[in-house]
Number of protein chains: 2
Amino acid sequence: MFNTNKEDLNETQIKIMEAAMAEFLEKGFSGARMQNIADNAGMNKALLHYYYRNKESLFKQVFRDVLIDMFSMLTDIIETEIDFESKLNKLVKSYMNYLIEHRQFPLFLLNEIYRNPEIVDQVLRESDVSETWDKFYNELCQSQKNGDVIELNPAHIIVTIVSLVVFPVAASNVITRFADISQSEYYEFLQERIDIIPEFLIKALLKK
Amino acid sequence: MFNTNKEDLNETQIKIMEAAMAEFLEKGFSGARMQNIADNAGMNKALLHYYYRNKESLFKQVFRDVLIDMFSMLTDIIETEIDFESKLNKLVKSYMNYLIEHRQFPLFLLNEIYRNPEIVDQVLRESDVSETWDKFYNELCQSQKNGDVIELNPAHIIVTIVSLVVFPVAASNVITRFADISQSEYYEFLQERIDIIPEFLIKALLKK
DNA sequence: TTTAATTTTGACCAATTAGTTAAATCAAAA
DNA sequence: TTTTGATTTAACTAATTGGTCAAAATTAAA
């Protein structure tokens with residue numbers, strides 16, 4: 001998929017990547033400051049530019065890493081050969097769990113892809129994300145032909161699934177503020193959803 | 001709700017607000033440039049500061065306007081007295097239509113509230129957004145008591161509805177890139193969803 | 001041990017950017 | 001017409017920020 005081997009990064013590079021990821025996730029590309037990254041990595045700013053030509057290349061690397069991380073587990077599940085209902089159930093549960101542990105990822109991706117399409121396009125093209133989705137798409141079509149899944153443009157079904165899984169995490173800050181609840185209360189709420197959503201989807205999408 | 005009367009803005013202020021909104025929606029707070037705003041408003045940068053103390057106050061005004069716009073129509077519909085199914089149907093359809101015409105709004109709000117909670121908090125508190133949601137929440141509870149709506153924590157129902165309505169718009173750039181389709185193809189797709197989603201929700205949430 | 005290459009640093013630079021100031025212009029009132 | 005206050009501008013400032021460079025420190029090789 002990508003030719004980034006985390007193994008052949010030295011200690012300095014790892015510290016840079018950790019600090020850079022924290023900074024970019026929190027502030028986004030335009031809000032992030034190279035000086036902050038250097039400080040939090042415990043080093044001189046010039047050393048950042050020694051390892052990464054400029055802010056953009058450092059950002060690209062972070063973006064790559066986030067994208068890989070977000071889709072590798074997804075790919076693993078989609079590749080396994082089980083019936084559609086089980087796969088849907090496992091996919092949704094695993095992914096919701098994953099997103100709850102990486103709450104910053106969805107909004108980061110949504111945002112940077114919106115604001116920086118050029119930077120991001122090439123990274124996206126290098127990945128095999130779309131192939132993975134193709135496989136799921138085809139299995140969905142097959143399940144529809146088998147009469148297991150309701151008749152509805154499969155693209156709509158996929159967007160429905162993704163919406164229900166991703167949005168509550170991407171919008172967690174907005175929701176906690178609007179509903180005036182604490183982060184931990186909302187965390188509990190999301191935990192509940194891990195059981196509710198697969199059930200909801202299976203009821204709504206599968207013919208019984 | 002807010003005491004901003006668009007009527008008592010002079011021509012200059014209107015030009016500023018239009019240019020500022022375009023800039024902030026496209027680039028976000030940290031990516032936006034006062035110079036760009038001045039240029040696109042066809043004026044000197046100092047004039048910006050004559051009307052708005054600083055970038056932050058200008059941004060707040062834009063944020064306010066977006067928030068008001070996004071929730072005023074919502075409020076109108078929620079306030080009308082019709083049965084729950086009709087209200088849900090109308091709410092979802094109107095709002096999806098609205099969002100398709102204002103695609104930049106959802107991601108803008110998600111993002112700025114995440115990155116700038118302080119700036120945004122006071123604007124949020126001034127609004128009566130939460131009251132509006134309370135009314136909908138109560139009507140939902142009532143419909144559950146009447147046996148019209150399935151038993152499920154109403155908060156989960158509301159988040160489910162909002163996810164399905166908002167996410168496909170907020171993520172439109174990501175989805176068009178991942179699915180490798182054009183903006184206009186996705187626009188068609190969203191138009192289809194305006195009929196699909198209310199139907200889907202009513203089937204999933206209402207007892208028949 | 002000496003030499004060469006790599007890694008790290010402090011000090012600096014150039015460009016950008018938000019914000020200021022004082023003067024000029026304009027409109028309305030006296 | 002003159003004066004007064006509001007509006008607009010050009011030129012400027014101070015601070016921030018991404019990026020550079022030459023030298024120092026460290027590590028690896030000879």
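In what follows, chains carry the letters A, B, and so on, assigned in the order in which the sequence lines appear, proteins first and then strands, with residues in each chain numbered from 1.
- Checking A:Arg53 against B:Leu47, the closest nucleotide of DNA chain D that is more toward the 5' end is the one next to B:Leu47.
- Proximity of A:Met17 to A:Tyr52: side-chain heavy atoms (C-beta onward) are separated by under 4.5 Å at one or more points.
- For the OP1/OP2 pair of C:dG19 and a distance below 4.0 Å, the side-chain nitrogens and oxygens of B:His49 include at least one atom meeting the criterion.
- Rounding to whole angstrom units, CG of residue B:Asn36 and C1' of C:dA18 are separated by 13 Å.
- Nearest heavy-atom pair across B:Leu48 and B:Met34 is CD2-O, 3.4 Å.
- Applying the 4.0 Å criterion to OP1 and OP2 of D:dT8, one finds that B:Thr12 has a side-chain N or O inside that range.
- The CD1-C1' distance, from A:Ile37 to D:dT17, rounds to 12 Å in whole Å.
- Atom pair B:Leu48:CG and C:dA18:P shows a separation of 10 Å (rounding to whole Å applied).
- Put simply, B:Tyr50 has a side-chain N or O that comes within less than 4.0 Å of OP1 or OP2 on D:dT7.
- If you check every strand for non-hydrogen atoms under 4.0 Å, B:Tyr51 touches sugar and phosphate atoms only.
- Remark: A:Lys135 engages A:Glu81 in a salt bridge, criterion side-chain N to carboxylate O under 4.0 Å.
- For A:Lys55 and D:dG19, a side-chain-to-base donor-acceptor distance below 3.5 Å is absent, hydrogens and geometry of angles not being considered.
- Spacing between atom CG of A:Asn54 and atom P of D:dT17 amounts to 17 Å, rounded to whole angstrom units.
- Set against C:dT6, C:dT9, C:dT20, the side chain of A:Ala46 has C:dT9 as its closest nucleotide.
- In this structure, A:Ala32 reaches the sugar-phosphate backbone alone: every heavy-atom distance under 4.0 Å involves primed, P, OP1 or OP2 atoms, never a base.
- Distance from the side chain of A:Met34 is smallest for D:dG19 among the nucleotides D:dT17, D:dG19, D:dC21.
- Checked by distance alone, B:Asn44 brings a side-chain donor or acceptor within 3.5 Å of a matching partner on the base of D:dA10.
- With rounding to the nearest 0.5 angstrom, the CD1 atom of B:Ile161 is 11.5 Å from the CZ atom of B:Phe200.
- Ring geometry for B:Trp133 against B:Phe136 counts as perpendicular: the plane angle is over 60°, on a 0 to 90° scale with 30° as the lower cut.
- Protein atom CD of B:Glu11 is 9 Å distant from nucleotide atom P of D:dT8, rounded to whole Å.
- Here C:dT7 presents its C1' atom at 19 Å from NZ of A:Lys45, a figure rounded to the nearest Å.
- The CZ atom of B:Phe59 sits 16 Å away from the C1' atom of C:dA18 (whole-angstrom rounding).
- Distance CD (A:Gln35) to P (D:dG18): 9 Å, rounded to an integer number of Å.
- Checking D:dG19, C:dG19, C:dA18 against every side-chain atom of B:Arg33, the shortest atom distance belongs to C:dA18.
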